[in-house]
Amino acid sequence: MYLGHRNMGSNARNLQRSIRPLVLLLFLLLFQPAFAEETAGEDDSWLYAHILQPVLNAAVYPLSAPVRYALNNGVVEKSVELMSFGEDKKIFVYPTMNLKPGTQTQLGMTYRHRSILFNRDYLVLQGSRYANGDLYLSDRYTKQEPFGLPLFVGFRYKLYWDSDANFIIPGTKEAFIQPDSTMSFQWRIGAPLTKSKKLNLELSTSLMFIDADLPDNSKDSILNDAVFSIADRGLYQSSKQYSVALSLVYDDLDFPYAPSKGDRVILSGEYNFAPEYGGIRYDSFDSQRSGKVPKSDKSHDYIYNSLIWQHYFYFGKAEQYILSAREARQSRKFYTDFSWNEALRVWRPENIRETLLERRVVALQFRMENMWEMDKGGAPFNAFPTMNGRYPMRGYGDEWSAYHIMGLSAEYRWPIDRFVDGVLFDEYAMHAEKVKEFSFDRFYNSWGLGIRVRMPELYLFRAQVGFHGLHGVNLILTIDPEFK
């Protein structure tokens, strides 16, 4: 790994500041149990009385009223019951929304149905309408063991009309508006490689129709520069892409959406065929010129590969992380009776093992994404990996684009209620133009906290607040899980 000599001193200081939250989290998890045993029965120290308690009071106060109401009245459990239908509650219908002010304000609906046509099949229909008229549709169907064969098959259709879509110049956060109407189809087939079905091989192919356009607002900037060529990158024009992908997946997690033990490893490679773009005229964006922009003589094909590794550590005496109905009521009573004195009591050393390290999960994810061009400078604008709040880098509201990205995420989770987890997270990422040029000059950190609402077999939504360093706040309200 190349570190760069000129800024080694400042880079080291930045690295030290960035990893402090992770060091504190590891200290809490690894050393507090021993500390608790050594100091059990001692009087409250000045540290707890004058530092921790005021900090906890200030942190808990804004959340205490809504959390107390929601937990005391069983809002989550009642909502799950209201949204479940059919025999054995196999149908699940619920609204989705993003109420952030602006064009991203959206309302939508999700329909999930297990065993809709055959045993062990699954249909998911999603749709969203945005405040500016944009539209998003996604239909997904999967079937386990078709015709009794040890296979699984799947199909997915996606459509989005996004007038606020953009592309990002690789290696930067410099984005340009490019309205896009894209439709894609994907077919999947896979088979287990072991009797336990923990190791699976999957083959997929996809077809994508892209209809990019110039921005409607003349005040929006239009990129006409050789640094990211219109002709080579397919900017502001229509195109088609075909792909063939192969994935090797190992998964021995105890629950898909509330895991507490095990690993998930995904190694995938994808070859994308990108024929000639649809073309564009100069006079559509440059009044001083006429005629068509010359066709690119470069190949637009590219290879995309990724590695994802997730590991979950479980702390506690209970057999499993997920709360039963009775345990959820006990947990609910604990949180609804939570007082300022209780906040101090929870963090006392003699109680840390029973509170902070009972029924707790530490989730780790390493993720690396790479894009390799068949012809340097010829890959289309949408080929590049992006590093954003979904990578995850939840402290950032914007995103980077690059040829190579890798990141490490750590989460500390605890059950607040039967379907609700508290989350404290800390994550790091780097990007580079070449795989051998990862540098701490491009090293980023974000951290934060929030909640995730899920059932053992179904993810509902999460509400989290992310920070990067001591700068900026990013609010995340989404139905997508933290990790892929």
Side-chain angles (χ1 to χ4, degrees), residues 70 74-99 106-130 134-146 151-160 183-190 197 200 202 204 206 247 249 251 253-260 264 266 310 321-323 325 328 390 413 415 417-421 423 450-464 476-484:
V75 171
V76 174
E77 289 178 322
K78 292 177 182 177
S79 299
V80 170
E81 289 296 321
L82 287 173
M83 293 183 288
S84 303
F85 304 92
E87 183 181 356
D88 299 329
K89 303 294 185 180
K90 293 180 179 179
I91 302 175
F92 206 67
V93 182
Y94 57 93
T96 59
M97 62 190 69
N98 181 354
L99 300 181
Q106 62 95 357
L107 294 174
M109 188 68 66
T110 297
Y111 175 90
R112 299 175 181 264
H113 197 150
R114 295 183 181 275
S115 301
I116 181 172
L117 298 175
F118 308 99
N119 183 39
R120 300 191 67 192
D121 68 351
Y122 188 31
L123 175 69
V124 181
L125 305 177
Q126 296 174 289
S128 297
R129 184 75 172 181
Y130 291 81
D134 290 347
L135 179 67
Y136 172 79
L137 299 175
S138 175
D139 305 330
R140 185 172 78 248
Y141 178 81
T142 57
K143 175 68 175 78
Q144 299 283 342
E145 299 182 353
L151 302 172
F152 59 89
V153 295
F155 168 77
R156 184 167 191 172
Y157 165 76
K158 291 175 66 177
L159 168 71
Y160 62 86
M183 179 171 56
S184 65
F185 303 87
Q186 184 188 51
W187 297 266
R188 303 163 52 206
I189 184 170
K197 298 184 179 181
N200 296 271
E202 179 180 316
S204 65
S206 66
S247 299
V249 181
D251 190 333
L253 302 181
D254 49 356
F255 294 101
Y257 293 110
S260 61
R264 179 188 285 129
I266 304 173
Q310 300 167 6
Y321 173 76
I322 297 174
L323 297 176
R390 296 179 300 277
R413 301 174 182 174
D417 199 45
R418 190 178 183 187
F419 302 128
V420 184
D421 297 332
V423 176
I451 62 169
R452 60 198 309 270
V453 182
R454 83 298 175 275
M455 300 171 68
E457 307 290 337
L458 180 65
Y459 197 90
L460 298 176
F461 71 92
R462 56 188 168 102
Q464 297 169 355
I476 302 105
L477 296 169
T478 181
I479 61 173
D480 294 327
E482 299 91 337
F483 296 162
K484 185 174 181 180

Who are the salt bridge (Lys or Arg N to Asp or Glu O under 4.0 Å) partners of [X], not counting sequence neighbours?
X: Asp421; answer: Arg452, Arg454
X: Arg112; answer: none
X: Lys197; answer: Glu145
X: Arg156; answer: none

For [X], side-chain contact (heavy atoms from CB on, under 4.5 Å) partners two or more places apart:
X: Ile266; value: Val249, Arg264, Ile308
X: Leu151; value: Pro146, Leu149, Ile189, Ala191
X: Arg114; value: Lys90, Tyr122, Glu457

Inset, instruction - If a pair satisfies salt bridge (Lys or Arg N to Asp or Glu O under 4.0 Å) and one of its residues is in residues 121-130, list it, with sequence neighbours excluded. - result: none
Partners passing ring pair (Phe, Tyr, Trp, His ring centres under 6.0 Å) against [X] (at least two apart in sequence or in another chain):
X: Tyr94; answer: Phe92
X: Phe185; answer: Tyr157
X: Tyr136; answer: none
X: Tyr111; answer: His113

